[in-house]
Amino acid sequence: MLAEVSRAAVSLVGEESFWSFVTNSCFVAGVVTVLIVWLANKATTRMSLIPHPWQNFFESIIEAVYNQVEAIVGPKQAPRAFPLLATLFIFILVSNYFGLLPGVGTIGWGHGHGMLSLEHISKPVLRPATADLNMTLGMAICFMLVWLYLTIRELGVWGFIVHTFGPKGGAKGVMGVFIALVFLLVGAIEIVSIMFRPGSLSLRLFGNIYAGETLLHTMMTLGEMFGLGAIGKFIIATIAPIPFYFMELLVGLLQASVFTLLCAVYIQLSTTHDENHGEEHGHDHH
């Protein structure tokens, strides 16, 4: 029987050890990080005007991500935001696809019979990094810290307060007071929205990847659910998940893109809006 998908990551060295924080998802995250660094080093070694295949592959990815980031956050913020956003996109994408490799979630310790067969795996060695809420929440919090830095650097503390709570439109008199109260309420709602961003970013990514992992495991165990024999179980476990693997390839790319693009939009909303607002005032003044 294949492993049931656990919502929690499992420590690989025991809960009593100093290294208990090394869970199966942390281990996979480390493997993914080393893999990305190795590939990046391979791509950037002996770079030339006529790129070799690895250089060409990485340059195309970096150029595509940079162009997308620049189109959202603008040319001023793009150089500042790009390193984090590109890192998030590449790490999430590789982690999502690594979770689709055979053996992830199905190799580990458990109980059962046979030399290479277990009825239940209680401690899988490999678990998709993005199927662990700790990992996705950590990435979301890191982004929010960088978002705060970029916003304060661009607007200043007072500028951020004015941008969030200040009235727009230039109305005066009684209408101006009413508009100011409305925007004060809108600002309070915006602050609450900002506080929920780490949760929404992390839960969206975690939920989709965890659901995909659960779906694949369910398809693999349909033979057992229908009480088929050993040959029937093997055929079902081999054929049934194939269409869903293609779907998860699309979901993996989509979720990496959604996470990164939402982060870019959040940066754009808090940094470039006031530039445009200031330009409008400049035109009015002239």
Side-chain angles (χ1 to χ4, degrees), residues 22-105 107 125-132 134-136 138-143 145-147 149-150 201-202 204-206 208-209 212-213 245-268:
V22 182
T23 62
N24 45 12
S25 64
C26 285
F27 176 70
V28 169
V31 171
V32 168
T33 302
V34 171
L35 178 62
I36 293 173
V37 171
W38 179 76
L39 291 176
N41 182 69
K42 186 178 179 66
T44 54
T45 302
R46 295 190 299 275
M47 297 181 68
S48 60
L49 291 177
I50 303 177
H52 53 80
W54 281 108
Q55 180 185 341
N56 192 44
F57 174 68
F58 258 71
E59 284 182 352
S60 62
I61 294 177
I62 296 301
E63 183 178 5
V65 175
Y66 187 87
N67 290 339
Q68 190 64 52
V69 169
E70 186 179 39
I72 297 175
V73 305
K76 183 177 181 181
Q77 293 297 329
R80 301 171 183 171
F82 172 73
L84 174 67
L85 296 181
T87 301
L88 287 173
F89 175 76
I90 294 173
F91 178 80
I92 293 172
L93 181 63
V94 177
S95 296
N96 291 349
Y97 284 172
F98 189 92
L100 298 177
L101 295 177
V104 177
I107 296 177
V125 176
L126 303 173
R127 174 186 176 82
T130 45
D132 181 7
N134 293 304
M135 180 64 66
T136 59
M139 290 189 293
I141 291 174
C142 286
F143 161 72
L145 292 175
V146 174
W147 169 85
Y149 165 76
L150 293 177
L201 284 171
S202 57
R204 183 185 296 106
L205 178 58
F206 162 74
N208 281 278
I209 302 306
E213 189 184 15
Y245 263 100
F246 287 102
M247 185 183 72
E248 289 305 312
L249 287 173
L250 178 61
V251 170
L253 174 61
L254 181 63
Q255 290 306 314
S257 302
V258 167
F259 192 100
T260 307
L261 292 177
L262 281 175
C263 290
V265 168
Y266 292 150
I267 293 173
Q268 186 272 337

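The shown structure was predicted, so the numbers you read here are calculated from the model rather than taken from an experiment.
- Atom CG of Leu253 and atom CD of Glu248 lie 12.5 Å apart (nearest 0.5 Å).
- Formation of a donor-acceptor pair under 3.5 Å by the Tyr97 side chain with backbone atoms of Leu249 is found in this model.
- In this structure, Arg127 and Thr23 have side chains that are not in contact, with every pair of non-hydrogen atoms separated by 4.5 Å or more.
- Annotation: the span from Leu39 atom CG to Ile90 atom CD1 amounts to 10.0 Å, rounded to 0.5 Å.
- In this structure, Ser25 and Pro128 approach most closely via the heavy-atom pair CB-O, 4.2 Å.
- Proximity of Thr44 to Phe58: side-chain heavy atoms (C-beta onward) are nowhere separated by under 4.5 Å.
- When atom types are taken as modelled, the side chain of Arg204 and the backbone of Asn208 share no donor-acceptor pair closer than 3.5 angstrom.
- The line from OH of Tyr66 to CG of Leu85 is 11.5 Å long, rounded to the nearest 0.5 Å.
- A pairwise comparison of heavy atoms in Leu201 and Cys263 identifies CD1-SG, 4.1 Å as the closest pair.
- Looking at Asn41, its side chain never comes within 3.5 Å of a backbone N or O of Val37 through a donor-acceptor pair.
- Of the inter-residue distances, the one linking Ile209 atom CD1 with Leu100 atom CG reads 8.0 Å to the nearest 0.5 angstrom.
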- Task: Could you give me the CA-CA distance, side-chain angles and deciding distance for Asp132 and Phe206, then say whether side-chain contact (heavy atoms from CB on, under 4.5 Å) is met?
- Result: CA-CA 6 Å; Asp132 181 7; Phe206 162 74; 5.8 Å; no
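- Between Gln255 and Phe259, the closest side-chain pair of non-hydrogen atoms is not below 4.5 Å.
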Q. Would Leu88 and Met139 satisfy side-chain contact (heavy atoms from CB on, under 4.5 Å), going step by step from the backbone distance to the final call?
A. CA-CA 8 Å; Leu88 287 173; Met139 290 189 293; 4.0 Å; yes
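- Atom-to-atom distance recorded for Thr130:OG1 and Glu213:CD is 9.0 Å, nearest 0.5 angstrom.
- The closest side-chain heavy-atom distance from Leu101 to Phe98 is below 4.5 Å.
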Could you walk me through whether Lys42 and Trp38 satisfy the side-chain contact (heavy atoms from CB on, under 4.5 Å) test, starting with their C-alpha distance in whole Å, then the side-chain angles of each, then the deciding distance to 0.1 Å, before giving a yes or no?
CA-CA 6 Å; Lys42 186 178 179 66; Trp38 179 76; 4.0 Å; yes
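- The nearest pair of heavy atoms linking Val32 to Ser95 is CG1-OG, 3.7 Å.
- Ring orientation note: the planes of Tyr266 and Phe143 are tilted relative to one another, at an angle of 30° to 60°.
- Across all non-hydrogen atoms, the minimal contact from Arg80 to Leu150 is CB-CD2, 3.7 Å.
- Of all non-hydrogen atoms in Gly252 and Asn96, the two that sit nearest each other are O-ND2, 3.0 Å.
- Within 6.0 Å of OH in Tyr245 there are more than 12 heavy atoms belonging to other residues, nucleotides or ligands.
- Side chain of Ser202 to main chain of Thr136: no donor-acceptor pair is present (N/O by atom type, distance under 3.5 Å, no hydrogens or angles).
- Listed for the Thr260 side chain is no donor-acceptor partner under 3.5 Å among the backbone atoms of Ser257.
- The environment of CZ in Phe27 is sparse: at most 12 heavy-atom neighbours from other residues, nucleotides or ligands sit within 6.0 Å.
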Point to revise | Residue pair Phe82, Val65: steps toward the side-chain contact (heavy atoms from CB on, under 4.5 Å) verdict | key: CA-CA 8 Å; Phe82 172 73; Val65 175; 3.8 Å; yes
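- Between Pro83 and Pro79 the shortest heavy-atom distance is CD-O, 3.3 Å.
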